[in-house]
Amino acid sequence: MKLIFATTNAGKLAELKSMLGDTLEVSSAGDFPQVAEVIEDQPTFELNAAKKALVYARATGLCALADDSGLCVDLLAGRPGVQSARYAPTDKKRIHRLLNELDGVPLEKRTARFQCALCLAWPDGKLVTVMGTCSGRITEAPRGEGGFGYDPIFEPLGQTRTMAEMTKGEKSSVSHRGQAFAQMKPHLKALAEGGQAAS
Ligand code: IMP
């Protein structure tokens, strides 16, 4: 049984493989160079994940999994949201822009959440979508060297450390992506047991 994870991110692929063990053979987007890059131009994380998963499932005739994630800040009406990766040219500049936009805002009003939509698509168009959320707040300055993206300025609820100050394991136990993978696990297990004809 083969599943495509529509990502070129080696970290995300490793995370999925460690969750699945050897129940499903997983390929990544890099194994299908004939499939054109999918533009993430939809208004929600769910629609972007579904668009990507469907393109790969239809192009290959295999089940495909895709994710889309980002950071939503309450005071900024959910921005950067689906624009998280494109909010500025580099991680450092994206953090700088966000901190500037929240300049002078007290800690209790700096609430935000990371969200991750994960979508499993079948070649016939069937979809299963799950959503993982990690609530927290934006710190006043970056802290920590780990992780990526907005991790140095995001403190999960109930934590005194930013995501960049946590180990990988600590982060995935609270993260939006960890939660989305956990919700998707039973669907992937069913796929492994029932075969792709089960769509
Ligand atoms: P994508 O889902 O890989 O397209 O990620 C979108 C963008 O959201 C990334 O480029 C990061 O800027 C941000 N992002 C998503 N997940 C995380 C995370 O776990 N930590 C920090 N930033 C994240």
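Indexing begins at 1, ligand by ligand and atom by atom, following the structure's order. In this text the structure is predicted, and so the values were computed from the model without any measurement.
- Protein heavy atom closest to atom 22 (N) of ligand 1, with residue, atom name and distance, is Tyr150 N, 3.2 Å.
- Remark: ligand 1 atoms within the under-4.0 Å shell around heavy atoms of Asp68 are 2 (O), 4 (O).
- Among protein heavy atoms, the minimum distance from atom 23 (C) of ligand 1 is reached at Phe114 CE2, 3.5 Å.
- Alongside Phe45, the hydrophobic cluster contains Val82, Met131 (criterion: ILVMFWY side chains under 4.5 Å).
- Below 3.5 Å of separation, one finds an N or O of Lys12 facing an N or O of ligand 1.
- Residue Gly70 places a heavy atom under 4.0 Å from ligand 1.
- Annotation: Lys171 places an N or O atom under 3.5 Å from an N or O atom of ligand 1; distance criterion only.
- The distance criterion of under 3.5 Å between nitrogen or oxygen atoms is not met by Asp67 with respect to ligand 1.
- Ligand 1 is approached by Arg177 to a heavy-atom distance shorter than 4.0 Å.
- Of all protein heavy atoms, the one lying nearest to atom 2 (O) of ligand 1 is Ser69 OG, 2.6 Å.
- Across Val128 and Met184, no two heavy atoms sit closer than the pair O-CE, 3.5 Å.
- Counting heavy atoms of neighbouring residues, nucleotides and ligands inside a 6.0 Å radius, atom CD of Glu37 does not exceed 12 of them.
- Using a 3.5 Å distance cut-off with no hydrogens or angles, the side chains of Ser172 and Arg177 do not pair a donor with an acceptor.
- In this structure, Phe114 and His176 have parallel ring planes: the angle between them is below the 30° cut-off, well short of the 60° mark.
- Using a 4.5 Å cut-off on side-chain heavy atoms (C-beta onward), Leu127 and Leu54 make contact.
- Counting atoms of ligand 1 from 1 in the listed order, those under 4.0 Å from a heavy atom of Gly149 are 21 (C), 22 (N).
- Closest heavy-atom approach to atom 21 (C) of ligand 1 within the set Phe148, Tyr87, Phe45: this belongs to Phe148.
- For the pair Lys171 and Asp151, the salt-bridge criterion is met [side-chain N within less than 4.0 Å of a carboxylate O].
- Of the protein's non-hydrogen atoms, the one nearest atom 10 (O) of ligand 1 is Ala85 CB, 3.5 Å.
- Using a cut-off of 4.0 Å between Lys/Arg side-chain N and Asp/Glu carboxylate O, Lys51 and Glu40 are scored as not salt-bridged.
- Ranking protein heavy atoms by distance to atom 20 (N) of ligand 1, first place goes to Asp151 OD1, 2.6 Å.
- Counting atoms of ligand 1 from 1 in the listed order, those under 4.0 Å from a heavy atom of Ser84 are 7 (C), 8 (O), 12 (O).
- Contacts with ligand 1 closer than 4.0 Å are made by side-chain heavy atoms of His176 only, the backbone lying farther away.
- In this structure, Asp74 pairs ionically with Arg113, as a charged nitrogen and a carboxylate oxygen lie closer than 4.0 Å.
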